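Everything numeric in this text was worked out from a predicted model, so none of it was measured.
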Amino acid sequence: MLPAEVLSRAGDEMLDWHGSGTGVMEMSHRGKEFMSIAAEAEHDLRELLAIPANYKVLFLQGGATLQFAQVPMNLLRGKGKADYVVTGEWSKKAVKEAKNYCDVAVAASSEDKNFTYAPKKWNVRPDAAYVHYCSNETIGGVEFHAVPSTQVPLVADASSHFLSRPLDVSKFGLIYAGAQKNAGPAGLTFVIVRDDLIGQAQKGTPTVMDYKLQADADSMLNTPATYAMYIAGLVFKWLKQQGGLVSMERKNVEKARLLYDLLDSSAFYSNPVAREDRSRMNVPFTLKDARLDEEFLKGAAKQGMVQLKGHRSVGGMRASIYNAMPIEGVQALVQYMKDFENRHG
């Protein structure tokens, strides 16, 4: 979900951006108009996350999935080992990809309990080039609420909770995130990387996948996803108008509590995730009788609540309550769930 204010402004500027006589989608990425849009977007993102000066901010393409390969290509730096924490489908995919480039060891895993918790004890090899984890597993609804402390560079796939709360960037070697959850439309990927970790890309790394070359070219080594960058820039401004990430976290905590309180008070619905590791963004839940799933989804759709079907790998339902979802949306879902239970429970 994108903020209505952002979509409205984008609509107003669709045919003519700031009197330029052209829309953003039609601009040259090398023109002064788009260069100003890109520079302002980076400035606002740095301000929102308080990104230190020794970190590069890249606006790339290929989704977070491309980063599964791009991270080892750039961060191994001559080392042959990398460690991974496995907490769900996305970290499993990251491991599979990284095995093409190095010796991968699993530093921690929650597979023993069907990926329903975030492991706190990691066995990280001291000679690993980095340790990678998915800080919020979209499908399973597991979130790390504290940044783990590591002796080797920490890499986070933060796609599905990026910009939902403040984050101490200085604790990471690299953070990457697809824009399409909290920050814009699909097609744009953010990479925030400490500058001492780049410049030693593996031999054979494609030019456009070399972080150092992209950083030196201000993410414009090739034509970037210009319109997605523009929308993300509008989202950044909207976030600042909401009071920044401290304010957004407060709102997200309130929204998530509403939904989890219902789940915990009901015998009709259930959520499998350990309470201390529940995601604020993605709330999976099942009905006591799976035969009612389709009826639940149809009834929700009639009330304007869509995309509630859980991922095919886990089934059930999943409510994604990203930044732009107002608390009224969660209240409407909770009321519908109560009414549905009263009819079928």
Side-chain angles (χ1 to χ4, degrees), residues 1-3 5-18 20 22-49 51 55-71 73-74 90 93 97 138 156-164 174-193 198 201 205-240 322-324:
M1 187 172 189
L2 285 164
E5 298 94 324
V6 166
L7 295 175
S8 178
R9 180 170 170 184
D12 291 341
E13 297 176 348
M14 177 68 75
L15 300 179
D16 184 1
W17 182 81
H18 295 202
S20 65
T22 183
V24 175
M25 279 185 278
E26 304 166 298
M27 290 177 179
S28 164
H29 67 290
R30 298 289 182 190
K32 67 180 191 305
E33 293 88 358
F34 184 74
M35 294 290 277
S36 71
I37 289 171
E40 201 164 329
E42 179 178 339
H43 175 271
D44 287 341
L45 180 56
R46 283 185 175 277
E47 199 170 82
L48 278 168
L49 278 171
I51 299 173
Y55 282 75
K56 303 296 185 186
V57 174
L58 307 178
F59 294 87
L60 305 178
Q61 297 171 65
T65 300
L66 184 60
Q67 295 305 311
F68 297 163
Q70 201 163 347
V71 166
M73 281 179 172
N74 283 270
W90 294 113
K93 290 176 186 291
E97 194 73 37
T138 324
D157 172 1
S159 291
S160 47
H161 68 166
F162 189 66
L163 300 181
S164 70
L174 184 149
I175 299 166
Y176 66 90
Q180 67 273 14
K181 307 300 183 185
N182 265 327
L188 177 65
T189 309
F190 308 106
V191 172
I192 302 168
V193 59
I198 61 176
T205 298
T207 302
V208 294
M209 292 177 69
D210 187 320
Y211 292 144
K212 178 69 165 62
L213 297 179
Q214 285 284 13
D216 290 346
D218 293 325
S219 304
M220 295 192 188
L221 196 62
N222 58 317
T223 305
T226 55
Y227 199 75
M229 288 173 68
Y230 157 69
I231 297 292
L234 296 184
V235 172
F236 300 158
K237 291 196 178 300
W238 177 80
L239 285 168
K240 290 169 76 174
Y322 297 120
N323 281 346

* To do: Show your working on side-chain contact (heavy atoms from CB on, under 4.5 Å) between Thr189 and Leu66 and close with a plain yes or no.
  => CA-CA 9 Å; Thr189 309; Leu66 184 60; over 6 Å; no
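- Closest heavy-atom contact between Val208 and Gln70: O-NE2, 4.1 Å.
- The side-chain heavy atoms of Phe34 and Thr22, taken from C-beta on, include no pair separated by under 4.5 Å.
- Note that CD1 of Ile51 is 8.0 Å distant from CD of Glu42, once rounded to the nearest 0.5 Å.
- Among all heavy-atom pairs drawn from Asn182 and Ser164, the shortest one is ND2-CB, 3.8 Å.
- The minimum heavy-atom distance between Ser219 and Val57, with the atom names listed, is OG-O, 4.0 Å.
- Atom CG of Leu163 is separated from atom CG of Leu49 by 5.5 Å, given to the nearest 0.5 angstrom.
- Atoms CG and CD, on Leu58 and Gln67 in that order, are 8.5 Å from each other to the nearest 0.5 Å.
- Lys93 is listed as a side-chain neighbour of Phe68, based on a closest heavy-atom distance under 4.5 Å.
- Of all heavy-atom pairs spanning Tyr322 and Ser160, the tightest one is CE2-O, 3.3 Å.
- Annotation: side chain of Ile37 is not in contact with side chain of Met229 (no heavy-atom distance under 4.5 Å).
- Within the 4.5 Å cutoff, side-chain heavy atoms of Met220 are placed close to those of Arg30.
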* Chi angles and distances behind the side-chain contact (heavy atoms from CB on, under 4.5 Å) call for Val71, Tyr211 -> CA-CA 9 Å; Val71 166; Tyr211 292 144; 3.6 Å; yes
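- Pairs of residues two or more places apart, or lying in two chains, never qualify as side chain to side chain donor-acceptor pair (under 3.5 Å) while including a residue from residues 55-66.
- Closest of all the heavy-atom pairs between Leu221 and Ala217 is N-CB, 3.7 Å.
- Within the 4.5 Å cutoff, side-chain heavy atoms of Met73 are placed close to those of Pro206.
- A donor-acceptor pair is defined here as one N or O able to donate and one able to accept, closer than 3.5 Å; no such pair exists between the side chain of Asp210 and the backbone of Gln214.
- You'll find the side chain of Tyr230 reaches within 4.5 Å of the side chain of Glu13, heavy atoms only.
- If you look at Phe190 and Phe59, their ring centroids are closer than 6.0 Å.
- With rounding to the nearest 0.5 angstrom, the OG1 atom of Thr138 is 5.0 Å from the NZ atom of Lys181.
- Taking the side chain as every heavy atom from C-beta outward, Leu239 and Asn323 approach each other to under 4.5 Å.
- Under the 4.5 Å side-chain criterion, counting only non-hydrogen atoms from C-beta, Ile198 is not in contact with Asn74.
- Atom CH2 of Trp17 has more than 12 heavy atoms from other residues, nucleotides or ligands within 6.0 Å.
- Using a 4.0 Å cut-off between charged nitrogen and carboxylate oxygen, Glu5 and Arg9 do not count as a salt-bridge pair.
- For Ala10 against Ile231, the heavy-atom pair with the smallest separation is CB-CD1, 3.7 Å.
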